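Naming convention: chains lettered A, B, ... in sequence-line order (proteins, then strands); numbering from 1 in each chain. Keep in mind the model is a prediction, meaning the values are calculated, not measured.
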Amino acid sequence: MFYNHQKIEKKWQKIWEKEKIYEPNFKKAKRPFYNLMMFPYPSAEGLHVGNMYAFTGSDIYGRFKRMRGYDVFEPIGLDGFGIHSENYALKIGVHPSKQAKISEKHFYKQLKMIGNGFSWDEKLETYDPEYYKWTQWIFIQLFKRGLAYRKKQAVNWCPSCKTVLADEQVIAEKCERCSSEVIKKNLEQWFFKITKYAERLLKNLDMIDWSERTKIAQKEWIGRSEGINLKEKVKNLNIEFEVFDTIPQTFLAQTFTVIAPEHPLVERLITGTKYEKSVREFVEKIKQKKAVNKFDVEKESEGIFTGRYVDNPFGTGDLPIWVASYVIAGYGTGIVNCSAHDERDFAFAKKYNIPLKVVMLPLDVDLAKKVQNFEICYHHASDGIIQEPIEMKGMTWEKARKPIIEYIEKKGFGKKTINYHLRDWLISRQRYWGPPIPLVFCENCAERIKNKELGIKNKKFDKGEIENPGWIPVPEKDLPVILPYIKDFQPKGTGESPLATDKKFYEVKCPECGKMARRETDVSDTFLDSAWYYLGYFFENWKATLRGVRQKASREIENSPFSSPLIRKWLPVDMYIGGQEHACLHLLYSRFLAMVFNDLGLIDFEEPFKKFRAHGLLTKDGAKMSKSRGNVVNPDEYIKKFGADVFRMYLMFLSPFERGGDFQSKGILGIARFLDRIFNFGNSFANRKVGEKQTLNKFENKKELEKLFHQTIKKITEDIENLNYNTAISALMILFNKMEKESQLSIVNCQLFLKLLAPFAPFISEELWAKLGHKKSIHLEKWPEYNSRLLKQKKIILIVQVNGKFRDKIEVNVDISEQEAKEIILSREKIQKYTKGKEIKKIIFVPGKLFNIVI
RNA sequence: GCCUUGAUGGCGAAAUUGGCAAACGCGCUAGCUUCAGGAGCUAGUCCCUAAAAAGAUUGUGGGUUCGAAUCCCACUCAAGGCACCA
């Protein structure tokens with residue numbers, strides 16, 4: 001019989017949706033399981049095969065958990081607000097609000113095609129005003145607590161997208177979205193204080209069950225480094241500053257100091273000296289080079305002497321202060337003490353003939369000579385021997401660290417300090433398609449705050465208002481600030497959003513004092529939309545459930561969107577699956593916001609995703625799929641031709657889910673054949689009644705097959721739990737190959753097999769299940785249990801080795817003793833061939849496994 | 001430079017975590033079939049060999065062990081990430 005997948009799949013999509021088999025009862029659910037997959041952003045015509053790969057992997061896990069008795073919630077939505085979708089709209093010349101509706105239709109259609117068990121009733125879109133109302137609300141909560149602030153600094157600017165970007169969105173100096181070279185611009189922008197949470201973001205990583213590589217990536221991005229801040233004074237000037245040093249062991253080797261060109265102190269150091277003009281020129285030159293990011297670290301380590309000295313607190317001579325291109329203004333204090341025990345410092349000193357000093361030597365005499373003669377730079381050597389200070393002489397570099405830090409602190413030279421590489425999250429964007437930042441700038445209120453008029457009409461200014469004078473949040477009852485329709489939505493490149501062209505939008509009265517004010521015209525970063533969406537599903541549902549109807553939440557702001565009892569019940573997310581590329585973007589931002597919500601008392605957890613697994617990358621002919629390479633695979637054609645089940649199983653059969661794989665369509669026929677055979681096999685049972693031969697559960701006279709069934713159940717159960725779908729499918733094949741060869745299989749065997757197949761091939765298993773006469777969906781059936789007693793073997797194959805080489809195998813009782821085995825084995829001809837005339841030195845016997853004769 | 005992951009037949013891969021290397025699938029070869037389709041069935045398919053026995057073989061080189069794809073050391077290559085962070 002021909003398997004008409006197109007007809008069958010359509011039929012079941014409809015039935016599933018109508019009968020709501022994937023909609024959990026949020027209130028009554030006994031064993032809630034939140035199975036989340038990163039929701040897609042519509043930045044192209046449709047989903048590509050990589051998305052399908054990820055969604056299928058997540059869905060198999062969800063279906064498995066559902067059959068294991070959990071109330072699984074598998075939501076879906078679209079991250080359709082923001083630069084990703086806007087860039088696509090720009091490309092095809094359609095207004096983003098119009099394109100959003102088109103994408104919605106197409107994406108949801110594709111997502112239905114793949115056969116996932118989504119809760120369609122709960123879907124959400126981030127551009128829905130009912131959704132971004134809360135994105136704005138969250139912005140205001142952060143503002144009020146002083147976690148959002150405005151600051152002018154050199155920021156990443158994408159000349160193609162014509163907007164600023166967060167550090168996390170700059171990948172290898174290129175824009176995360178369009179791969180253009182990112183440059184630096186000095187602009188005033190909104191930031192979220194994620195650095196305040198650096199330590200917590202780092203520490204909590206030890207408590208969550210995440211893919212190790214994702215955790216490592218976050219750890220490195222946060223970049224904690226412990227060191228010491230040394231106090232310094234500038235000679236003949238009333239200037240004091242600190243320098244950060246992570247390797248205080250060699251602090252006495254420091255012979256000069258370098259300062260970043262952008263450092264505000266540079267001006268004060270040189271004003272009125274003969275160095276003034278040349279240093280200023282140098283600073284300008286470096287700034288310009290840095291702006292276009294054409295700065296080669298290796299080749300262009302340049303500097304200039306400022307004419308000033310540090311009054312050395314250690315009494316080892318004054319340290320000349322240089323401006324050096326390799327110092328970063330934004331890290332540590334932007335000023336660094338330099339020594340012969342640092343490669344860059346060493347090279348810099350050699351280039352400009354600055355004197356060096358050595359305080360640590362290797363044990364090797366020849367090498368030590370070279371170090372002393374400044375021929376090589378000796379650094380980061382755990383076994384280097386410290387020469388100074390005298391108190392630590394003879395200690396190794398590694399061992400000296402602690403006592404030297406104590407020594408420095410005791411002498412009052414400096415203090416222990418921790419620095420992080422993590423920077424604050426740049427949140428504003430000069431684009432159209434995003435949630436308007438819900439703030440208003442009022443000159444009058446700015447004046448009042450500057451004049452310390454901190455309270456008016458019984459209302460006090462909050463922390464955010466005091467720290468950002470003049471900036472007043474939109475009252476929560478007035479949310480959302482609706483994104484106006486602007487025909488010419490193109491980014492302007494002026495440093496202002498297209499919203500700044502709409503007078504009606506930005507001319508508002510100050511919500512605080514009533515005078516004329518100007519609304520913020522920037523929108524917020526897309527990653528803010530997606531940093532809380534996992535909560536959004538519950539928020540809307542909660543409201544709908546309370547009202548007993550499924551409808552969107554009302555416009556009124558309730559106490560808090562997060563106070564739903566369902567959030568307490570369903571969160572944090574039990575299993576989150578997504579791409580590794582979001583390790584330092586979405587996954588970091590989501591954790592940060594959850595911590596903030598936790599601090600605000602909105603939620604009772606601070607880690608949103610208990611378990612996270614990064615799926616592998618699906619490549620095409622060994623290369624990443626991308627439009628520029630022209631190797632993007634369109635899944636629709638494959639689904640149309642072979643069916644969703646074949647496509648799902650083919651993708652999962654490629655390789656382990658967490659490793660990713662290479663899409664070479666030639667193997668797909670194997671899976672197509674396999675499902676075809678299953679379909680024919682299942683149909684041969686179709687005309688029997690369900691009740692018939694129900695008792696054949698016992699597998700009479702088919703001990704071997706019975707055992708295989710139980711082995712397979714065990715294997716697949718474990719494999720799915722570990723996301724090893726490829727070997728689970730292989731186990732299904734092995735079992736089915738055996739079943740086909742059996743002449744008298746019971747309907748029970750068939751049913752059992754279909755259940756094991758169900759998470760992988762939801763349509764065909766459902767179709768055959770129904771043909772067997774079942775009224776209830778197979779996806780709501782109970783997952784088969786295996787009998788571990790049956791798996792115990794009485795007879796086993798004992799492997800016989802001679803000198804560790806495989807020579808023979810014999811079937812014996814599982815509990816055979818060494819002596820018994822020895823007698824049998826040594827009498828065998830095959831073995832005698834090797835042992836004849838040789839002395840047996842040793843016998844290694846692993847019970848139930850192996851017998852090794854050493855001669 | 002640093003970090004992560006990986007390297008096993010013609011290809012995708014498997015190996016109970018130190019105990020029969022190559023399960024399962026693709027491809028290929030031969031035969032049988034005929035609902036000419038995305039065919040099906042049977043047998044074979046790591047290398048050397050006419051075949052068998054024996055042997056060699058998991059990127060390279062070394063080590064630990066009765067025994068290594070698996071553990072340790074050094075290196076090579078590939079993919080991805082970070083990178084002036086003192």
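Aromatic rings of A:His5 and A:Phe642 (six-membered ring for Trp) have centroids beyond the 6.0 Å cut-off, not under it. For A:Phe663 and A:Tyr638, the gap between ring centers is short of 6.0 Å.
With C1' as the reference atom, B:A15 and B:G9 are 15 Å apart, rounded to whole Å. The same atom, P, is picked in B:C2 and in B:A13; the two are 28 Å apart, to the nearest Å. B:G44 and B:G6 have their P atoms separated by 35 Å, given to the nearest Å. Taking the C1' atom of each, B:U33 and B:A69 are spaced 42 Å apart, rounded to whole Å. A gap of 23 Å separates the P atoms of B:G31 and B:A36, to the nearest Å. Look at the C1' atom in both B:U34 and B:C41: the space between them is 12 Å, to the nearest Å. Atom name C1', nucleotides B:U8 and B:C47: the rounded distance is 14 Å, in whole Å.
Nearest nucleotide to the A:Ser730 side chain, out of B:C24, B:A86, B:G38: B:C24. Closest approach to the A:Leu669 side chain among B:G27, B:U4, B:C66 is made by B:G27 (side chain taken as heavy atoms from C-beta onward). Relative to the side chain of A:Asn737, the nucleotides B:A86, B:C66, B:G25 differ in distance, and B:G25 lies closest. Checked against B:G19, B:A21, B:C24, the side chain of A:Leu850 finds its nearest nucleotide in B:G19. Here the nucleotide nearest the side chain of A:Met733, chosen from B:U4, B:C24, B:A86, is B:C24. Each of B:C3, B:U4, B:C82 was ranked by its minimum atom distance to the side chain of A:Glu220; first place goes to B:C3. The side chain of A:Ala672 has B:G38 as its nearest neighbour among B:A13, B:G25, B:G38. When distances run from any side-chain atom of A:Ser225 to the nucleotides B:C82, B:A86, B:C24, the shortest one goes to B:A86. The side chain of A:Asp676 lies closest to B:G38, out of B:G25, B:G19, B:G38. Listed candidates were B:G25, B:C66, B:A13. Nearest to the side chain of A:Arg659 is B:A13.
No contact: A:Ile853 has no heavy atom under 4.0 Å from any strand. Using a 4.0 Å heavy-atom distance criterion, A:Val327 is classed as a base contact. Heavy atoms of A:Ile734 sit under 4.0 angstrom from primed sugar atoms or phosphate atoms, though from no base atom. Among the atoms of the strands shown, none is found under 4.0 Å from any heavy atom of A:Ile668. Nucleic acid contact for A:Asn337: none, since no nucleic acid atom lies under 4.0 Å from a heavy atom of the residue. Counting any heavy atom pair closer than 4.0 Å across all strands shown, A:Val854 reaches sugar-phosphate atoms only and no base atom. Using a 4.0 Å heavy-atom distance criterion, A:Leu654 is classed as a sugar-phosphate-only contact. Using a 4.0 Å heavy-atom cutoff across all strands shown, A:Arg224 reaches no nucleic acid atom at all.
Here B:U42 sits opposite B:A30 as a Watson-Crick or G-U wobble pair (both hydrogen-bonding atom distances under 3.5 Å). When Watson-Crick and G-U wobble pairs are counted only if both distances are under 3.5 Å, B:A22 pairs with no nucleotide at all. As the counterpart of B:U57, no nucleotide is assigned, since no Watson-Crick or G-U wobble pattern has both distances under 3.5 Å. Remark: B:U76 base-pairs with B:A7. Criterion, Watson-Crick or G-U wobble with two distances under 3.5 Å. Both distances falling under 3.5 Å, in either a Watson-Crick or a G-U wobble arrangement, occur for no nucleotide opposite B:A68.
Rounded to a whole Å, the CG atom of A:Leu732 is 14 Å from the P atom of B:C24. Residue A:Phe657 contributes atom CZ, which lies 17 Å from atom C1' of B:U5 at whole-angstrom precision. When rounded to the nearest whole Å, the span between CG of A:Leu617 and C1' of B:A79 equals 9 Å. Separating the CD atom of A:Glu168 from the C1' atom of B:A83 is a distance of 15 Å, rounded to the nearest angstrom. Atom-to-atom, CZ of A:Arg807 to C1' of B:G19 comes out at 15 Å; the value is rounded to the nearest Å. When the C1' atom of B:C24 is taken as reference, atom CD1 of A:Ile678 falls 14 Å away, rounded to whole Å. Atom OH of A:Tyr326 is separated from atom C1' of B:A86 by 8 Å (rounded to the nearest Å). Rounded to a whole Å, the CD atom of A:Glu581 is 15 Å from the C1' atom of B:U4.
In this model, a donor atom of one side chain and an acceptor atom of the other lie less than 3.5 Å apart for A:Asn737 and A:Arg677. Looking at A:Asp662 and A:Thr619, their side chains do bring a donor and an acceptor atom within 3.5 Å of each other. A donor-acceptor pair shorter than 3.5 Å can be found between the side chains of A:Asp424 and A:Thr195. A donor atom on one side chain and an acceptor atom on the other are found under 3.5 Å apart for A:Trp221 and A:Glu168.
Residue A:His421 holds its NE2 atom at 12.0 Å from CG of A:Asp167, rounded to the nearest 0.5 Å.
Tested against A:Lys714 for a side chain to side chain donor-acceptor pair (under 3.5 Å), the candidates A:Glu718, A:His710, A:Gln711 yield a single pass: A:Glu718.
Salt-bridge check for A:Glu818 with A:Lys822: failed, with every basic side-chain N at 4.0 Å or more from each acidic carboxylate O.
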With sugar-phosphate taken as primed atoms, P, OP1 and OP2 and all else as base, the protein-contact string of nucleotides 40-46 of chain B at under 4.0 Å (heavy atoms; B, S, -) is S------
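Between A:Phe674 and A:Phe736, the ring-plane angle classifies as perpendicular under the 30° and 60° cut-offs.
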